[in-house]
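Take a look at the structure set out below.
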Amino acid sequence: MSPIKTIKTMNVQTVVTQPFRDQKPGTSGLRKKVPVFRQPHYLENFIQSIFDSLEGLTGKTFVLGGDGRYYNRQAIQIILKMASANGVGRVLVGQAGILSTPAASCIIRKNQAFGGIILSASHNPGGPEADFGVKYNIGNGGPAPEKVTSAIFERSQVIDSYKIIEAGEINLDQLGSQQLGGMTVEVIDSVADYTELMESLFDFNQISQFLKSGQFRMCMDSLHAVTGPYAQAIFEQKLGASAGTVKNGMPLEDFGGGHPDPNLVYAHDLVEIMFGDHAPDFGAASDGDGDRNMILGQNLFVTPSDSLAILAANANLVPGYKNGLAGVARSMPTSGAVDRVAEKIGIDCYETPTGWKFFGNLLDADKATLCGEESFGTGSNHVREKDGLWAVLFWLNILAVRQQSVEDIVKEHWKTYGRNYYSRHDYEGVEIDKANILMENLRSLLPELAGKEYGQYKVKYADDFSYTDPVDGSVSEKQGIRIGFSDGDRIIFRLSGTGTQGATLRLYVESYEPDANKHKQDTQAALSSLITLADEIAQIKNTIGREKPTVIT
Ligand code: G16
């Protein structure tokens, strides 16, 4: 343990400020452009609003870290000084300011911390003109539920001062304890606790033998984001995968100019490798803060919805889950593939609004063990966040046990359970007014849609999804417009809650095909009539003035 270093001058300053109107947290914390966060008092106001909304934080332990994007280090210095001024007892900070979102969740839980602040705008680009974000996680390690984020927002709207101490900078690169006023700052290894947790869940021996067998090659693309050091430590150093298995493993402040979003569009280098000649057997990517994942086989993209279903169906092969799943949960727009697995195993399947925070209560109450979302998120009760590398390890464990290709596993799954053709079409950077008009028009159509026929499709139900939490009874309304047809097909419309520029309209399309002879179609072709119908009902092109989506996954 390094000696305790005291930084002198600890005057607590109370700085007069005025509210910013735009500090309402979205699907996952407050996300804005860096120049917005760098305005005088902007970050400070939001952080003080967090502290003001928490009762009994004096003397308590917090966890702090981020995905290493531009402004991460500066923001950490400010937050540490504010935490000290607000009476926090101890802050555990990831070395160099680095903590992946799932690692932060793991560390909060392991240390029974009061909560944590994670600095990330997830999959959004980084850099001086790009995106930054702040989210607060509660003591269970998960994102703050709506009652907490609402309280933070309400406080931000009336805030008139914040507290900060005058002090020098903390050395974020040196492991060990330093003193900041009355508060201890412990700079901790960003990777160790998380690696240990993974080792407790998966059969590292079997995966290691498999990786070293020479029969199997994998490629992990960390997209110059936070998972680089974690992936190198786990796959290459611990499990013995060959050097170079992890690509783009050095976290960069601007993610190398890329968009750290593991999907077919933004992880194009990996997609080229996996769809090229001599492709490895298994490919994976994760996002800016390490909570998302994309899984690929040779010439094959596994949709996140299918991935969740396959993990659930094979959980008995993995040490950490071999005693069975209490239940599963998926967000409403996620395909119903996992529902069929749950039905077969005889466990409950919960349908929640979009946002990992909605899984927290289900996991805490042991109603669900595995959770997942179409937005490339999968996770379990081991932490309270989705977890990219956990999903990759889960797949590796299944592959090591079954000794089959990704394609064979997916095709067998479809044969057993049927295939849910599924796609999401995103229209990014749409004018906010136009996006709102489209959603309002759809809402006003809802009462007359039920029973209506559009060619082969008959509308069975049409509503704006509302969720009542089965644990605490809280109600979340207006969570997405669902139009379901009598054959089980669905189209869903939502506005994203994570963008920082204009609005993003998301259209989700799903069609179930039980017949294995019809599982070879191209996804977009299989869904084409539903996609056309979605435009007919919502008048997308006419209302937002876009001919085609920005991103299709
Ligand atoms: C966040 C949330 C996820 C959500 C995703 C997309 O992920 O944690 O639960 O599914 O955003 O949300 P939206 O459709 O509102 O943009 P992340 O990885 O960005 O933190």
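Everything quoted here is computed from the prediction, not taken from an experiment.
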Selection residues 18-40 - residue pairs positive for ring pair (Phe, Tyr, Trp, His ring centres under 6.0 Å), sequence neighbours left out:
F20-Y42, F37-Y42, F37-F132
Going by distance alone, is a donor N or O of one side chain under 3.5 Å from an acceptor N or O of the other, for [X] and [Y]?
X: S305; Y: T303; value: no
X: R506; Y: S496; value: yes
X: H413; Y: D306; value: no
X: Y194; Y: S100; value: no
X: T17; Y: N45; value: yes

Just how far is it from atom [atom1] of [X] to atom [atom2] of [Y], taken to the nearest 0.5 Å?
X: L119; Y: T101; atom1: CG; atom2: OG1; result: 9.5 Å
X: L43; Y: L30; atom1: CG; atom2: CG; result: 9.5 Å
X: I537; Y: L442; atom1: CD1; atom2: CG; result: 8.0 Å

Pair R482 + E351, salt bridge at N-O below 4.0 Å
yes
N-O pairing of E510 and R490 below 4.0 Å
yes
What residues form a salt bridge (charged side-chain N to carboxylate O under 4.0 Å, His left out) with [X], not counting sequence neighbours?
X: D464; answer: R443
X: K367; answer: none
X: R546; answer: none
X: E373; answer: none

So E146 and D469, side-chain contact (heavy atoms from CB on, under 4.5 Å) or not? Walk me through it.
CA-CA 11 Å; E146 279 195 336; D469 186 298; over 6 Å; no
Are the side chain of [X] and the backbone of [Y] linked by a donor-acceptor contact shorter than 3.5 Å?
X: K386; Y: S375; result: no
X: S105; Y: P102; result: no
X: S120; Y: S122; result: yes
X: T334; Y: E374; result: yes
X: S423; Y: T553; result: yes
X: D291; Y: E385; result: no
X: R69; Y: P125; result: yes
X: E343; Y: V341; result: no
X: D472; Y: S474; result: yes
X: S335; Y: Y422; result: no

Verdict with supporting geometry, Q48 and H41, side-chain hydrogen bond (donor to acceptor under 3.5 Å, both in side chains)
CA-CA 10 Å; Q48 188 65 51; H41 312 311; over 6 Å; no
Would you please name every residue forming a ring pair (Phe, Tyr, Trp, His ring centres under 6.0 Å) with [X], sequence neighbours left out?
X: Y70; value: none
X: H259; value: Y266
X: Y508; value: none

Here the salt bridge (charged side-chain N to carboxylate O under 4.0 Å, His left out) pairs for residues 33-56, sequence neighbours left out, are K33-D131, D52-R155
Please list all pairs passing the salt bridge (charged side-chain N to carboxylate O under 4.0 Å, His left out) test where one or both residues lie in residues 97-118, with sequence neighbours left out.
K110-D193, K110-E196
Is the ring pair F114/F62 parallel, tilted or perpendicular, if the boundaries are 30 and 60 degrees?
tilted
Please say which of D287, T378, T227 ends up in a side chain to side chain donor-acceptor pair (under 3.5 Å) with N293.
T378
Tell me whether Q501 at atom CD has more than 12 heavy atoms from other residues, nucleotides or ligands lying less than 6.0 Å away.
no
Is the number of heavy atoms from other residues, nucleotides or ligands under 6.0 Å of E431 CD greater than 12?
no
Are S380 and Y321 close enough, and set up right, to give a side-chain hydrogen bond (donor to acceptor under 3.5 Å, both in side chains), and what steps lead you there?
CA-CA 10 Å; S380 85; Y321 305 91; 2.6 Å; yes
With D489 via side-chain contact (heavy atoms from CB on, under 4.5 Å) - residues at least two apart
Y457, F485, D487, S511, L530
Tell me every residue that passes side-chain contact (heavy atoms from CB on, under 4.5 Å) with K24, counting only those two or more places apart in sequence or in another chain.
F153
What do the steps show when you test L495 against M439 for side-chain contact (heavy atoms from CB on, under 4.5 Å), and what is the final call?
CA-CA 8 Å; L495 295 185; M439 293 302 285; 3.7 Å; yes
